[in-house]
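Structure first, then comments.
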Amino acid sequence: MRKNFLLMLAGMLTASLCPLTVLAQDAIPSTLFECEYVPLDGYDSSVYGSFRVSNNGKYAVASDESGDSYAGILWERESNSITYVNDYNGEKANGVILSDVANDGMMVGAYPTTVDGSFCWLPGYKYLGKEWVNLPLPENTNMTHAYDMDYCSYAVCVSSDSRVILGEVNLYRADSTSRWEPMLWFLDENGNVTGTQTFEDQDYGNQGFMGYDMTDDGSVIVGNVTSIRGDQLPTIIQDGVMRWIDGPTLEWNGVRWADIDEETGEEHEYYWEGTIMSMDKDGNMYYYYTDGDGIQHNIVENIYTGEKTAYNELLSCGVGGMVLGNTVVASERPFDMSGLYAALNVSDDGMVIAGCGFNETYYYNYPALILLSESPIDTSIKTMKLDGININRNGNTISISGDFDRAEMFNATGMQVASSKGNLDLSGMTNGMYIIKVSKGNTTKVYKIVK
């Protein structure tokens, strides 16, 4: 099914990988929250799916994919419990999709409604206890897919402030064919749609684009492009322009994306597969691709600096310098990840790690969270001295002294929000991750802070 890519991937990986258990004496205590079996419509049902957590860690959502349709699950950090979003009127065939959740509890996905007397699913958002709100679709939307939950248009993710929603919409093109394409909805403080953006001038191959994550302002969207044979190419859309990430030269030959050997001109017999799994607040993309020789490469790449780091194992999320994978925990403060077989998302404080566990008896993935008792990330700036530059934080004031030309502060999307020859003020900034660049001539030092 189209929406199950991450879950199938996690399931394949668990066949050979074991969850990480950290035995260090100073490890941060952690607990595993899982919903492997829960009552649904009066009977016990195994729950398939994975969690995605809000940036502030207060909420997480998942979709039960155990049957022919979906049921929404909302986890709340305060009570450490789940609630079923039962919008299908007691009939599992009329289920819902929950894909992501904002800091205020806005859930996005697809919901059941009736068009011309037939059930279909449309992209929308909702708050617990309130009705779904429809997200408008373009006139050239292929509505035939709306009657199949596996292929309906739906909202993929939402910004932390619930002002931007990314969707995956099947649109007719000028040649009467249709492709899955990304779409943005922009909302005001009352949840009203004030504008939309589509990206219809891109070459999305034979099946289209699948989105997985975005920056809060929607200026960067990541995911993959899929060909007719299932080849998946890790793809980024930045400021409206789509490009593929890394890999060999690719050409379209009318059948699929072909991996061409530049020296011999011959086509490799391997699929060239990959996906940008997620993106953290620092602008780091977590992706993998398989080259023409069948070798998988696992990369963390910063969208602003271009800096890349290769890992031996698949990595899918990180925050504040902490990198997470299936058996990888790159953190200065170790903790136990036993039971979480795929880490797909993490809160900004690093205390809620979302993904899925794996039932080794029945071979399916179920939503699971690792909950830490304290943050593994040091989010404060310590007094430090680098090449004669001193930087210190006192509340919302960042003081910088020493021999330097300028200090600039950027938000998570790469937009400059302040510059100074001395102090920087955080008091008017929204909460989140910021980058401070202190420059002297052609030399630059970079510091990360979290408000």
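One is the number of the first residue; the rest follow in order along the sequence.
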Problem - Side-chain touch Ile436/Glu408, heavy atoms, less than 4.5 angstrom - result: no

Problem - Whether Thr275 side chain and Asn224 backbone form a donor-acceptor pair below 3.5 Å - result: no

Exercise for the section: Please name the pair of heavy atoms, one in Ala62 and one in Pro367, separated by the smallest distance, quoted to 0.1 Å. Expected result: CB-CG, 3.8 Å

Problem - Atom pair OG (Ser50) and CG (Leu344), whose distance is rounded to the nearest 0.5 Å - result: 5.0 Å

Problem - Donor-acceptor side-chain pairing of Asn284 and Asn302 below 3.5 angstrom - result: yes

Exercise for the section: Compute the ring centroids of Trp121 and His145, then answer whether they are less than 6.0 Å apart. Expected result: no

Exercise for the section: For a side chain to side chain contact (heavy atoms under 4.5 Å, CB included) with Val169, tell me which candidate from Ser153, Cys152, Pro182 qualifies. Expected result: Ser153

Problem - Flag for Arg179-Thr177: side-chain donor and acceptor within less than 3.5 Å - result: yes

Exercise for the section: Apply side chain to side chain contact (heavy atoms under 4.5 Å, CB included) to Asn142 and Leu171, showing your working. Expected result: CA-CA 5 Å; Asn142 182 352; Leu171 300 179; over 6 Å; no

Exercise for the section: For Ile82 and Phe51, work out which heavy atoms get closest and say how close. Expected result: CG2-CZ, 4.3 Å

Completion exercise
When every non-hydrogen atom of Arg52 is compared with those of Ser99, the smallest separation belongs to CD-O, 3.5 Å

Problem - Exercise: do Asn298 and Tyr288 side chains pair donor with acceptor under 3.5 Å - result: no

Exercise for the section: State whether the side chain of Asn365 and the backbone N or O of Phe358 hold a donor-acceptor pair below 3.5 Å, judged by distance alone. Expected result: no

Practice task
Compute whether any side-chain donor of one residue and acceptor of the other, for Asn396 and Ser427, lie under 3.5 angstrom apart.
Solution key: no

Practice task
Check whether any side-chain heavy atom of Gln238 lies under 4.5 Å from a side-chain heavy atom of Ile221, and answer yes or no.
Solution key: no

Problem - Main-chain N/O of Asn55 paired with Ser160 side-chain donor or acceptor, under 3.5 Å - result: no

Practice task
For the residue pair Ser159 and Asp216, confirm or rule out a side-chain donor-acceptor distance under 3.5 Å.
Solution key: no

Handout entry: Heavy-atom side-chain contact between Thr194 and Leu187 under 4.5 Å
Key = no

Problem - Closest heavy-atom pair and its distance - Ala102, Ser162 - result: CB-CB, 3.8 Å

Handout entry: Side-chain heavy-atom pair Tyr286, Val323 within 4.5 angstrom cut-off
Key = yes

Practice task
Please tell me if the side chains of Pro376 and Phe335 come closer than 4.5 Å, counting only heavy atoms from C-beta onward.
Solution key: yes

Handout entry: Crowding at CG, Asn312 (>12 non-hydrogen neighbours, <6.0 Å)
Key = no

Exercise for the section: Check the pair Val53, Tyr59 against side chain to side chain contact (heavy atoms under 4.5 Å, CB included), reporting the backbone distance first and the verdict last. Expected result: CA-CA 6 Å; Val53 66; Tyr59 307 97; over 6 Å; no

Handout entry: Any donor-acceptor pair under 3.5 Å from Thr215 side chain to Val220 backbone
Key = yes

Problem - Partners meeting salt bridge (charged side-chain N to carboxylate O under 4.0 Å, His left out) with Glu307 (sequence neighbours left out) - result: none

Problem - Met143 side chain near Leu137 side chain, heavy-atom distance below 4.5 Å - result: yes

Handout entry: Check against side chain to side chain contact (heavy atoms under 4.5 Å, CB included), Val85 and Met107
Key = CA-CA 10 Å; Val85 182; Met107 299 172 281; 4.1 Å; yes

Exercise for the section: Could you tell me whether the side chain of Ser63 and the main chain of Leu98 form a donor-acceptor pair under 3.5 Å? Expected result: yes

Exercise for the section: Indicate yes or no: at least one non-hydrogen side-chain atom of Ser118 is less than 4.5 angstrom from one of Tyr147. Expected result: yes

Exercise for the section: Find out whether Met285 and Asp280 are in side-chain contact, i.e. whether some heavy atom of one side chain is under 4.5 Å from a heavy atom of the other. Expected result: no

Completion exercise
Here the gap from Ile400 atom CD1 to Leu424 atom CG, rounded to the nearest 0.5 Å, amounts to 4.5 Å

Practice task
Evaluate the ring planes of Tyr287 and Tyr289, with Trp represented by its six-membered ring, and classify them as parallel (under 30°), tilted (30 to 60°) or perpendicular (over 60°).
Solution key: parallel

Handout entry: Separation of Leu315 CG from Glu313 CD (nearest 0.5 Å)
Key = 8.0 Å

Handout entry: Straight-line distance of Leu184 CG to Thr196 OG1, nearest 0.5 Å
Key = 9.0 Å

Problem - Atom pair CG (Leu369) and CE (Met351), whose distance is rounded to the nearest 0.5 Å - result: 13.0 Å

Problem - Backbone of Asp161 reached by a side-chain donor or acceptor of Asn103 within 3.5 Å - result: no

Problem - SB check Lys58 Asp349 (cutoff 4.0 Å) - result: no

Practice task
Search all heavy atoms of Gly72 against all heavy atoms of Val96 and return the closest pair with its distance.
Solution key: N-CG2, 3.3 Å

Handout entry: Asp116 atom CG, over 12 foreign heavy atoms within 6.0 Å
Key = no

Exercise for the section: Tell me, with the steps shown, if Glu168 and Met210 meet side chain to side chain contact (heavy atoms under 4.5 Å, CB included). Expected result: CA-CA 7 Å; Glu168 199 171 295; Met210 298 176 67; 3.9 Å; yes

Exercise for the section: Evaluate whether atom CD of Glu189 has more than 12 neighbouring non-hydrogen atoms of other residues, nucleotides or ligands under 6.0 angstrom away. Expected result: yes

Practice task
Could you tell me which non-hydrogen atom of Ser347 sits nearest to which non-hydrogen atom of Asn56, and how far apart they are?
Solution key: CB-C, 4.4 Å

Problem - Separation between CD1 of Ile353 and OG of Ser30, rounded to the nearest 0.5 Å - result: 8.0 Å

Practice task
Inspect the contact between Asp104 and Arg163 and indicate whether a charged nitrogen and a carboxylate oxygen are less than 4.0 angstrom apart.
Solution key: no

